[in-house]
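Notes follow the structure.
Positions are given from 1 along the sequence.
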Amino acid sequence: QVHLIESGGGLVQTGGTLRLSCAATGRIAGVIATAWFRQAPGKEREFVAHIDWSGGRIDYAHSDWDRLTISRDSAENTVYLQVANLKPEDAGMYYCAAKFPGGSHRFTRDYNYWGQGTQVIVSS
């Protein structure tokens, strides 16, 4: 079992910067990548960013690539997501997900484990 714990959410002003953390514990030996997804109220969970654990290949949602930075601290088994120039549409629950080999990486079905999420509220 892999456990993912997100943190760093909260109330942030429009235009501000947010940094979320996802700590992975448990049987992580088989994990090859971690991603962040966002789910706004009444909407489906959508892909935000992904990082491979070996090689560090990164992918971002097309519409937000210039405001996003995903990174990983391999020693701490923690993945970070920084979102700059926050907009009201960035609000929602942010989920961290981990995957084993196989499949693609932009869909929720590609991931084997999920955290409980951390709430982000953007105020104008």
Side-chain angles (χ1 to χ4, degrees):
Q1 188 79 354
V2 175
H3 302 279
L4 303 171
I5 300 175
E6 303 98 333
S7 61
L11 177 64
V12 188
Q13 287 190 332
T14 299
T17 297
L18 181 73
R19 190 182 191 224
L20 305 177
S21 301
C22 171
T25 61
R27 304 182 71 173
I28 63 173
V31 174
I32 64 165
T34 303
W36 285 94
F37 285 75
R38 175 177 61 230
Q39 188 166 21
K43 295 188 177 181
E44 292 185 355
R45 200 169 294 188
E46 61 180 2
F47 171 76
V48 176
H50 160 276
I51 186 168
D52 283 338
W53 283 25
S54 62
R57 185 172 69 100
I58 287 173
D59 187 27
Y60 295 115
H62 296 307
S63 60
D64 294 321
W65 66 271
D66 57 338
R67 300 189 298 118
L68 301 172
T69 304
I70 189 170
S71 60
R72 178 174 176 249
D73 183 334
S74 58
E76 298 293 331
N77 292 318
T78 299
V79 173
Y80 302 95
L81 177 70
Q82 180 170 296
V83 185
N85 189 23
L86 280 160
K87 304 175 181 179
E89 53 263 41
D90 292 321
M93 188 71 81
Y94 282 71
Y95 295 93
C96 176
K99 72 184 303 292
F100 292 146
S104 63
H105 64 267
R106 279 178 163 255
F107 303 99
T108 55
R109 63 174 182 264
D110 298 322
Y111 292 84
N112 305 95
Y113 295 97
W114 292 85
Q116 295 298 306
T118 183
Q119 183 77 46
V120 171
I121 301 169
V122 182
S123 66
S124 57

Task: Within-4.5 Å side-chain heavy-atom neighbours: I70 and V79 - done: yes

Task: From CA spacing to verdict: side chain to side chain donor-acceptor pair (under 3.5 Å), S104, D110 - done: CA-CA 6 Å; S104 63; D110 298 322; 2.7 Å; yes

TODO: State whether the number of non-hydrogen atoms from other residues, nucleotides or ligands found under 6.0 Å of Q116 atom CD is greater than 12.
DONE: no

Open item on the list: Is the shortest side-chain heavy-atom distance between E6 and Y94 below 4.5 Å?
Closed with: no

- [ ] Answer with yes or no whether the hydrophobic clustering places L86 together with W65; edges join I, L, V, M, F, W, Y residues whose side-chain heavy atoms lie under 4.5 Å apart.
- [x] yes

Open item on the list: Could you check whether any side-chain heavy atom of T14 comes within less than 4.5 Å of a side-chain heavy atom of P88, counting everything from C-beta outward?
Closed with: yes

TODO: Evaluate the side-chain proximity of L18 to L20: yes if any heavy-atom separation is below 4.5 Å, no if none is.
DONE: yes

- [ ] Kindly work out whether a path of hydrophobic side-chain contacts (I/L/V/M/F/W/Y, heavy atoms less than 4.5 Å apart) joins F47 to W53.
- [x] no

- [ ] Hey, could you give me the CZ/CE distance between R38 and M93, rounded to the nearest 0.5 Å?
- [x] 13.5 Å

Open item on the list: In this structure, would V120 and L4 fall into the same cluster of hydrophobic residues linked by side-chain contacts under 4.5 Å?
Closed with: yes

Open item on the list: In this structure, would V48 and I58 fall into the same cluster of hydrophobic residues linked by side-chain contacts under 4.5 Å?
Closed with: yes

Open item on the list: Side chains of Y113 and Q1, heavy atoms from C-beta outward: is any pair under 4.5 Å?
Closed with: yes

Task: Pairwise distance CG(L81) to CG(L68) - rounded to 0.5 angstrom - done: 6.0 Å

- [ ] Please round to the nearest 0.5 Å and tell me the distance separating atom OG1 of T34 and atom OH of Y111.
- [x] 8.0 Å

Task: Check: T17 and Q82 side chains under 4.5 Å, non-hydrogen atoms - done: yes

Task: Linked, directly or transitively: F100 and W36 (ILVMFWY side chains, under 4.5 Å) - done: yes

Task: T108 and W114, any side-chain heavy atoms less than 4.5 Å apart - done: yes

